[in-house]
2 protein chains.
Amino acid sequence: MENTIRKIESLGAGSETLARLIPLLQEEVFPKGHILIREGKVERSLFFLEKGVARAYLTNEDRDVTFWFGVEGDVLLSLKSYFSNEPGYESIELLEKSVVYKIPYSSLIELYQRDVRMANWGRRFAESELIKADERFINQQFKPAADRYEEFVRDFPDLIRRIQLGHIASYLGVSQVTLSRIRAGKR
Amino acid sequence: MENTIRKIESLGAGSETLARLIPLLQEEVFPKGHILIREGKVERSLFFLEKGVARAYLTNEDRDVTFWFGVEGDVLLSLKSYFSNEPGYESIELLEKSVVYKIPYSSLIELYQRDVRMANWGRRFAESELIKADERFINQQFKPAADRYEEFVRDFPDLIRRIQLGHIASYLGVSQVTLSRIRAGKR
DNA sequence: CTGTTTTTTTAACAAATGTAAAATTTATTG
DNA sequence: CAATAAATTTTACATTTGTTAAAAAAACAG
């Protein structure tokens, strides 16, 4: 569970905080294509992605739009569902056979209420996700799709091979045809 | 300071938490056009917007892109700067004469370390901002500019009159000409 | 290895959007 | 209230992007 532990520690957990969290983790293994979180349902568990790749997406009448990819060490959850106990709007699909560690919200909130270090760990977790969400948003609005594609390739070179281009195109906010044109341009 | 207090209470602060926070608030008044937070600088204060309107934006070589509007009761801060003590990438401008209440990060973090209720208040603050950021992001990617404009008008009817269309257009991710066409279509 | 299915690229055309500049409307100031 | 400045809309044209469908390439199964 090294990826998961590294993630927990990166949020400022000391050995005590870590020791409290680890017993809560329940390992689960899912096949490629498994829908971990389904839109419209309440899902009060959070998952550390130990091994595999995931995408978060919304479905429309006809098509679905991917808006996030998760890799080893990332946390998978339905924000609204997990934090506010309301039905979530997004689904999360595992794009490869994956190993996750699950924590039910109830266990976590109990620790948060009792232990100030845990509460601050949870605060830093939310803050770090917030900064990432903000950066993604700004990036999206500020840079053309071609630049974002280039950065995507630079930052996650292996994902290009692990994820279908259709998903990447919808993540970048362009049609797959446009993404093909972008790729053709870089040669 | 009713807007600020309402905001603090909406994040689950009881009377004790409120009583600890209020003494930290320093009122400041700024004229229209004041740049509250400047990109590239570290700003370790957070501001509750008691009165006024604000926009967060990034500057490019030639133009600037607005990516957020704040109204009474919203919190103004440079995320990266405030939470990570690094230079922020965004600027925040006050679009009207405004009243804000300022809290230095150092005061807040001290409370967070000592008091589990405060830490959980801070956690909920970050979580609620995270949910909003996520919704904005999804909205942006999922819906065409015309729909987003309609929602903007519906949700903030008064802002249309308080904010220049150029800022709104860049917020929606389209040129001002396109926004004019959208507006013309709705008649 | 071969046939089949899936994914990606290309082509052709229509629709939408951006740019630059002019025209109009609205706001501001003396 | 007139004069000026600022903001918004409109016009004209070029460019980009989306759509649908076909072609090519890659992945997969027997």
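Predicted, not measured: the structure shown is a model, and the values here were computed from it. Naming: A, B, ... by sequence-line order, numbering from 1 per chain.
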Side-chain contact test, heavy atoms from C-beta onward, threshold under 4.5 Å: evaluate it for A:Arg183 versus A:Leu165 and give yes or no.
yes
So which protein nitrogen or oxygen atoms get under 3.5 Å of nucleotides 17-23 of chain D's nitrogens or oxygens?
unit_1, atom_1, unit_2, atom_2, d
D:dG18, OP1, A:Ser175, N, 3.4
D:dG18, OP2, A:Ser175, N, 3.2
D:dG18, OP2, A:Ser175, OG, 2.9
D:dG18, OP2, A:Thr178, OG1, 2.2
D:dG18, N7, A:Arg181, NH2, 2.7

Rounded interatomic separation in angstrom, taking CZ from A:Arg183 and P from D:dA24
19 Å
Criterion side-chain hydrogen bond (donor to acceptor under 3.5 Å, both in side chains) against A:Thr4, the qualifying member of A:Glu27, A:Glu72, A:Glu9, A:Glu50:
A:Glu50
Hey, mind stepping through A:Asp134 and B:Tyr89 against side chain to side chain donor-acceptor pair (under 3.5 Å) and telling me if it holds?
CA-CA 11 Å; A:Asp134 200 54; B:Tyr89 35 75; 3.2 Å; yes
Could you list by number each residue of residues 151-170 of chain A showing a heavy-atom separation from DNA chain C of less than 4.0 Å, or answer none if no residue does?
A:Gln164, A:Leu165, A:Gly166
Atom pair CD1/CZ of B:Ile168 and B:Arg55 - distance to nearest 0.5 Å
11.5 Å
In terms of the angle between their ring planes, are A:Tyr105 and A:Phe83 parallel, tilted or perpendicular, with boundaries placed at 30° and 60°?
perpendicular
Quick one: B:Asp147 CG to C:dA16 P, roughly how many Å, whole number?
14 Å
Salt-bridged, B:Arg124 to B:Glu127, with N to O below 4.0 Å?
no
Considering residues at least two apart in sequence or located in another chain, which fulfil the side-chain hydrogen bond (donor to acceptor under 3.5 Å, both in side chains) criterion with A:Thr178?
A:Ser175
Ring pair (Phe, Tyr, Trp, His ring centres under 6.0 Å) against B:His34, all qualifying residues, sequence neighbours excluded
B:Phe30
Go through the structure and list residues passing ring pair (Phe, Tyr, Trp, His ring centres under 6.0 Å) with B:Phe69, not counting sequence neighbours.
B:Phe152, B:Tyr171
Are the side chain of B:Asn120 and the backbone N or O of B:Val116 linked by a donor-acceptor pair below 3.5 Å?
yes
Pick out the pairs of N or O atoms, protein on one side and nucleotides 25-30 of chain D on the other, that lie under 3.5 Å.
none

